[in-house]
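Okay, so here's the structure we're looking at.
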Amino acid sequence: VVKKWKPKQWYQRRVRGYLARFVPLLKQICSCPQLYPCHRIQNAAVLALCKFMLVSSVLCDDCIQLLFTLLEKSTDEKTRCNIMILLHDLIIRFPNLLVNWTNKIYARLSDESVKVRSTTIRVLTNLILNDMIKVKGNISELAGCLEDEDPKIRSLTKLFFAELSKKSNAIYNVMADIISHLSDPETGRSQDQFQSIMKYLFEFIDKDKQAESLVEKLCHRFRATRSDRQWHDLSFCLSLLSYSEKSVKKLLDNIACYHDKLADEEVYSNFTVIVEKARKNVKNEDLLNDFDTKLRFCHDKGGGDATAGTDEILSQMKDLIIKPPPPAARQTRTRSRKKKESSSDEDEEDMEFEAPAPRTRPGKRKPAPVSSEESDDGLELPTIHNSAESSADSEDFEKSVRKKGGRKKPQPAPPASRRTRSGTTGRRNRKS
């Protein structure tokens, strides 16, 4: 009888192995750094424990919490760097076990040590570009490294975003999350740092469709703002986009989202920059003038009621809408004929009506009848004789032909409807 191994029995058997006997010792050294203050011993124990975790998924699940605790609280920067490097291998080996721990990895981007921050950026760059970690979520912390104190970290971060931009719509998909997180005053980013980060990232937004959708998203985010700083940041981001006619229409359609913020001078100045930039690309001047007049109206009136809807705002600015000129009427033959008929009505009253001549086809024109008086060269038409005289002449002609011995060519018989007395002569000719 073949015995089936159960998972629990298999695990107990693996624990009895030779390498499994070192696991309790490694856990004790890593969890009690005060008993083992030597950094070399701690570093060696961490490396050994991570390599054991690469072998067994059960051991990895059991010791992963201890490993991230060491990553946060260890005082040795070499230990933290080694843990970060080995986490890269663990994520590739067991990606499902470490999905919920990616926030802890992003948190090391704000570490005190420059070596730990640079190591974290390199690890995240490799994992994200190989699609081992999702970009959304904590990508704003990686974007904040564009304003790091160390120039090496700034260059590594710029290299990461340059490689990420080669993927289709990768930066566009995370742009809204980056703006919302970095514009929050609780993050501690200054306004100058935020603007420099956005200037670099918006260089990768070069498609009109991406700009149109970002305009709509940023306009809706004005409703969720809590401070003046967020108004300034969102309006500054809108001023960095390149505008087409459709994107200007998006701004105009969503004016209810930000009309109460236009009373602020900085927000209004950013929107005037948008109008000036749009005049270079948009040829519809009526649309731009309409948008400009509405911005001035909201700025002068102090923004109006913050709870007003789109219909109420449009009703307030109804007189400011510049209507485009009506399209030029096409001149057709019917209209020109009507004008000529109306102008010549008075003249036609005194004129006599003349019936138009019948049209004839150019190829089938009938010859004009020629009168006997106007015949050319004095030609005379043959006179028409009676039927009795014609029959007598035909008999004389036949006799003269017989005497001379000539033969008369057969003639076709006349139709039945036109047969007259001359039909008797035809019978005589047949008998002869």
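Quick caveat, the model's predicted, so the values are computed rather than measured.
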*Given side chains that start at C-beta, do those of His232 and Asp264 come closer than 4.5 Å, heavy atoms only?*
yes

*Could you tell me whether a side-chain N or O of His181 sits under 3.5 Å from a main-chain N or O of Asp177, the two making a donor and an acceptor?*
yes

*Roughly how far, to the nearest 0.5 Å, is the CD1 atom of Ile255 from the CG atom of Leu252?*
6.0 Å

*asked:* Determine whether a donor-acceptor pair (N or O, by modelled atom type, separation under 3.5 Å) exists between the side chain of Ser213 and the backbone of Lys209.
replied: yes

*Looking at CE of Met198 and CG of Leu146, how far apart are the two atoms once the value is rounded to the nearest 0.5 Å?*
8.5 Å

*From the options Thr120, Val114, Thr119, select the one residue that forms a side chain to side chain contact (heavy atoms under 4.5 Å, CB included) with Val116.*
Thr120

_Pairwise side-chain contact, Phe194 with Ile179, heavy-atom cut-off 4.5 Å (strictly under)_ = yes

*Hey, does Val23 have a side-chain heavy atom less than 4.5 Å from the side chain of Asp62?*
no

*With the side chain counted from C-beta on, respond yes when Ile92 and Asn130 share a heavy-atom pair under 4.5 Å apart, and no when they do not.*
no

*asked:* Would you compute the distance between atom CG of Asp208 and atom CG of Leu241 and round it to the nearest 0.5 angstrom?
replied: 10.5 Å

*Determine the minimum heavy-atom distance between Cys60 and Phe94, stating which atoms define it.*
SG-CD1, 4.0 Å

*Partners of Phe204 by ring pair (Phe, Tyr, Trp, His ring centres under 6.0 Å), sequence neighbours excluded?*
Tyr200

*Any side-chain heavy-atom pair from Asn270 and Leu238 closer than 4.5 angstrom?*
no

*Answer yes or no: is there a donor N or O on one side and an acceptor on the other, between the side chain of Arg221 and the main chain of Leu234, under 3.5 Å?*
no

*Would you find a donor on one side and an acceptor on the other, under 3.5 Å apart, between the side chain of Ser74 and the backbone of Leu71?*
no

*Please determine, by modelled atom types, if Ser183 and Asp233 share a side-chain donor-acceptor pair under 3.5 angstrom.*
no

_Surrounding CZ of Arg154 (heavy atoms of other residues, nucleotides or ligands, distance under 6.0 Å), is the total greater than 12?_
yes

*Could I get the full list of ring pair (Phe, Tyr, Trp, His ring centres under 6.0 Å) partners for Phe271, not counting sequence neighbours?*
Tyr258

_Interatomic distance, Phe22 atom CZ to Ile29 atom CD1 [nearest 0.5 angstrom]_ = 11.0 Å

*asked:* If I compare all heavy atoms of Leu86 with all of Cys50, which pair ends up nearest, and what's the gap?
replied: CD1-CB, 3.2 Å

*In chain order, what residues pass the salt bridge (Lys or Arg N to Asp or Glu O under 4.0 Å) check against Lys166, with sequence neighbours excluded?*
Glu163

*Flag side-chain contact, heavy atom, 4.5 Å: Arg229 against Asp184*: no

*Work out which heavy atom in Ile64 is nearest to a heavy atom in Asp61; give both atom names and the distance.*
CG2-O, 3.7 Å

*Check side-chain contact (heavy atoms from CB on, under 4.5 Å) between Glu216 and all other residues, then give those that pass, not counting sequence neighbours.*
His220, Lys250, Asn254

*Quick one: salt bridge (Lys or Arg N to Asp or Glu O under 4.0 Å) partners of Glu285, sequence neighbours excluded?*
none

*Less than 4.5 Å apart, any side-chain heavy atom of Leu124 and any of Glu141?*
no

*Hey, is NZ on Lys51 packed in by over 12 heavy atoms from elsewhere, all under 6.0 Å?*
no

*Would Thr272 and Leu295 count as a side-chain contact (heavy atoms from CB on, under 4.5 Å) if you check the C-alpha gap in whole Å, the side-chain angles of each, and the deciding distance to 0.1 Å?*
CA-CA 8 Å; Thr272 54; Leu295 292 177; 5.7 Å; no

_Verdict with supporting geometry, Val282 and Phe291, side-chain contact (heavy atoms from CB on, under 4.5 Å)_ = CA-CA 12 Å; Val282 180; Phe291 182 54; over 6 Å; no

_Is it the case that the side chain of Lys277 and the backbone of Ser239 share a donor-acceptor pair, with hydrogens and angles ignored and the cut-off at 3.5 Å?_
yes

Please tabulate, one pair per line, all N/O donor-acceptor pairs under 3.5 Å involving side-chain atoms of residues 97-105, not counting sequence neighbours.
{"residue": "Thr102", "atom": "OG1", "partner": "Val99", "partner atom": "O", "Å": "3.3"}
{"residue": "Asn103", "atom": "OD1", "partner": "Asn138", "partner atom": "ND2", "Å": "2.5"}
{"residue": "Lys104", "atom": "NZ", "partner": "Glu72", "partner atom": "OE2", "Å": "3.3"}

_Contact summary for Pro95 and Met132, nearest pair of heavy atoms_ = CB-CE, 4.4 Å

Show which side-chain atoms of residues 33-43 pair as donor or acceptor with protein atoms under 3.5 Å away, not counting sequence neighbours.
{"residue": "Gln42", "atom": "NE2", "partner": "Pro33", "partner atom": "O", "Å": "3.3"}
{"residue": "Gln42", "atom": "NE2", "partner": "Tyr36", "partner atom": "O", "Å": "2.7"}
{"residue": "Asn43", "atom": "OD1", "partner": "Asn82", "partner atom": "ND2", "Å": "2.6"}

_Test salt bridge (Lys or Arg N to Asp or Glu O under 4.0 Å) applied to Lys167 - qualifying residues, sequence neighbours left out_ = Asp131

*With sequence neighbours left out, what residues match Arg93 under salt bridge (Lys or Arg N to Asp or Glu O under 4.0 Å)?*
none

*Applying ring pair (Phe, Tyr, Trp, His ring centres under 6.0 Å), which residue pairs with at least one partner in residues 150-173 are found, sequence neighbours left out?*
none

_Sequence neighbours excluded - side chain to side chain donor-acceptor pair (under 3.5 Å) pairs with any residue from residues 108-118_ = Glu77-Ser113, Arg80-Asp111, Arg108-Asp111, Arg117-Asp148

*Tyr268: ring pair (Phe, Tyr, Trp, His ring centres under 6.0 Å) partners, not counting sequence neighbours*: His299

*If you measure from NZ on Lys158 to SG on Cys145, what distance do you get to the nearest 0.5 Å?*
13.0 Å

*Start with the C-alpha gap between Cys219 and Leu251, add the side-chain angles, then the distance that decides, and say whether side-chain contact (heavy atoms from CB on, under 4.5 Å) holds.*
CA-CA 7 Å; Cys219 288; Leu251 277 176; 3.7 Å; yes

*Could you tell me the separation between the CZ atom of Arg122 and the CG atom of Leu159, rounded to the nearest 0.5 Å?*
10.5 Å

_Nearest heavy atoms of Glu147 and Gln193, plus distance in Å_ = CG-O, 3.9 Å

_Working note: Leu49 + Leu66, criterion side-chain contact (heavy atoms from CB on, under 4.5 Å); need CA distance, chi angles, decisive distance, verdict._
CA-CA 10 Å; Leu49 182 62; Leu66 175 61; 4.2 Å; yes

*asked:* To check you understand the geometry: which heavy-atom pair defines the closest contact between Leu70 and Cys30, and what is its length?
replied: CD2-O, 3.2 Å

*Counting only N and O atoms by type, is there a donor-acceptor contact under 3.5 Å from the side chain of Lys261 to the main-chain atoms of Phe222?*
yes

*Would you call Asn169 and Lys207 a side-chain contact if the rule is heavy atoms closer than 4.5 Å?*
yes

